[in-house]
Amino acid sequence: MVHYTPLLTEEIFPQKEENHQLISWQGRSLYVKKTEQGQLEVVQLLSTDPQDFLNASFTPGTIFKK
């Protein structure tokens, strides 16, 4: 059975809760998590602009200091 939905897989099948924060960085909304070194790692970009997803600085896994 196929289920078509605009929801993310994580919203349908929740995994264990992680400590993610929603922040605004360079005018974009991002879910980030803190690394052991105190830096922020991008978990998910929230945007409706397709060009934002082509920007390598918003790729999940990117680490930056805030």
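Values reported hereafter were calculated over all heavy atoms of this structure, with side chains retained and with hydrogens, waters and symmetry mates removed.
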Please tabulate, one pair per line, all N/O donor-acceptor pairs under 3.5 Å involving side-chain atoms of residues 42-49, not counting sequence neighbours.
{"from": "Ser47", "atom 1": "OG", "to": "Asp49", "atom 2": "N", "distance (Å)": "3.0"}
{"from": "Ser47", "atom 1": "OG", "to": "Asp52", "atom 2": "OD2", "distance (Å)": "2.6"}
{"from": "Asp49", "atom 1": "OD1", "to": "Gln51", "atom 2": "N", "distance (Å)": "3.1"}

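More than 12 heavy atoms of other shown residues, nucleotides or ligands fall within 6.0 angstrom of atom CZ in Phe58.
To the nearest 0.5 angstrom, Leu22 atom CG is 8.0 Å from Leu30 atom CG.
Residue Tyr4 shares its hydrophobic cluster (ILVMFWY side chains chained together at separations under 4.5 Å) with Val2.
Under the 4.5 Å side-chain contact rule for hydrophobic residues, Tyr31 and Phe53 do not share a cluster.
For the pair Val32 and Glu41, the minimum side-chain heavy-atom distance is 4.5 Å or more.
Taking Ser57 as the reference, Asn55 meet the side chain to side chain donor-acceptor pair (under 3.5 Å) condition, with sequence neighbours excluded.
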